[in-house]
Amino acid sequence: QVQFVESGGGLVQPGGSLRLSCAASGSIFSIYAMGWYRQAPGKQRVLVAGITSGGSTNYADSVKGRFTISRDNAWKMVYLQMNSLKPEDTAVYFCNTRIPPPGSWGQGTQVTVSS
C-alpha cells in the first residue's frame, strides 16, 4: 500500500502563505487520484483539495480561490500551495489517496495561522 510523508507546515500570520509537500512511496502512485485533507482540533478530517491522475482539480468551498493542489508524478510528489491563510485554516494537514479511498494515515503536518 502506498504511504505518504507530509512536510512544509508551520506557523504563519493571517494572510500569509505556505506550501505543503507530500512525498509518496509505492510503485503505482501515478494512477491514483490524490487529496489533501485536514483535521482541525475537535473536528473530523475533511478533504480540502483533490487532484486526479490527469491533473483535474477540485476544492472545498472553504479554500477555493486560495489553495492550489498540484502533483509531479515523475517525482511522486503532491503539493498544496496555500495563500491568504486564515485562522480557520489551522489544522493538521494530511496527504492521501482519494481514489482509491485513503488507507492508513501518516502523521500529517501542522499548519497554524495566528497573529
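Numbering starts at 1 and runs along the sequence shown. Hydrogens, waters and symmetry mates play no part in the numbers below; they use all other heavy atoms, side chains included.
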Practice prompt. Go through the steps to decide whether Met82 and Val111 satisfy the test side chain to side chain contact (heavy atoms under 4.5 Å, CB included), and finish with yes or no.
Written response: CA-CA 10 Å; Met82 306 187 296; Val111 172; 3.8 Å; yes
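Residues Val2 and Trp75 do not share a hydrophobic cluster, defined by chaining ILVMFWY side chains whose heavy atoms lie under 4.5 Å apart. Two different hydrophobic clusters hold Ile99 and Ile51 under the rule that ILVMFWY side chains link at heavy-atom gaps under 4.5 Å. Residues Val92 and Val78 fall into different hydrophobic clusters, defined by Ile, Leu, Val, Met, Phe, Trp and Tyr side chains chained together at heavy-atom separations under 4.5 Å.
Gln3 and Ser104 form a side-chain donor-acceptor contact under 3.5 Å, judged by distance and modelled atom types alone.
Partners of Lys86 under the salt bridge (Lys or Arg N to Asp or Glu O under 4.0 Å) rule, at least two apart in sequence or in another chain, do not exist in this structure.
Legend: ring pair (Phe, Tyr, Trp, His ring centres under 6.0 Å) pairs involving residues 89-115, not counting sequence neighbours, sorted by first then second residue: Tyr37-Trp105, Phe94-Trp105. Within the structure, salt bridge (Lys or Arg N to Asp or Glu O under 4.0 Å) contacts touching residues 68-81 (residues at least two apart or in different chains) do not occur. Within the structure, the salt bridge (Lys or Arg N to Asp or Glu O under 4.0 Å) test picks out the following pairs touching residues 27-49 (sequence neighbours left out): Arg38-Asp89.
Shortest non-hydrogen contact noted between Cys95 and Met34 is SG-CE, 3.5 Å. Of all heavy-atom pairs spanning Pro102 and Thr97, the tightest one is CG-O, 3.2 Å.
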Do any side-chain atoms of residues 8-22 form donor-acceptor pairs under 3.5 angstrom with protein atoms, and if so which ones, sequence neighbours left out?
| unit_1 | atom_1 | unit_2 | atom_2 | d |
| --- | --- | --- | --- | --- |
| Ser17 | OG | Asn83 | OD1 | 2.9 |

Using a 3.5 Å cut-off and no angle test, enumerate the donor-acceptor pairs between side-chain atoms of residues 53-63 and protein atoms at least two apart in sequence or in another chain.
| unit_1 | atom_1 | unit_2 | atom_2 | d |
| --- | --- | --- | --- | --- |
| Asn58 | OD1 | Arg98 | NH1 | 2.9 |
| Tyr59 | OH | Ile69 | N | 3.0 |
| Asp61 | OD1 | Lys64 | NZ | 3.3 |

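Note that CE of Met77 and CZ of Phe29 are 9.0 Å apart. Values are rounded to the nearest 0.5 Å.
Using a 4.5 Å cut-off on side-chain heavy atoms (C-beta onward), Tyr79 and Gln81 make no contact.
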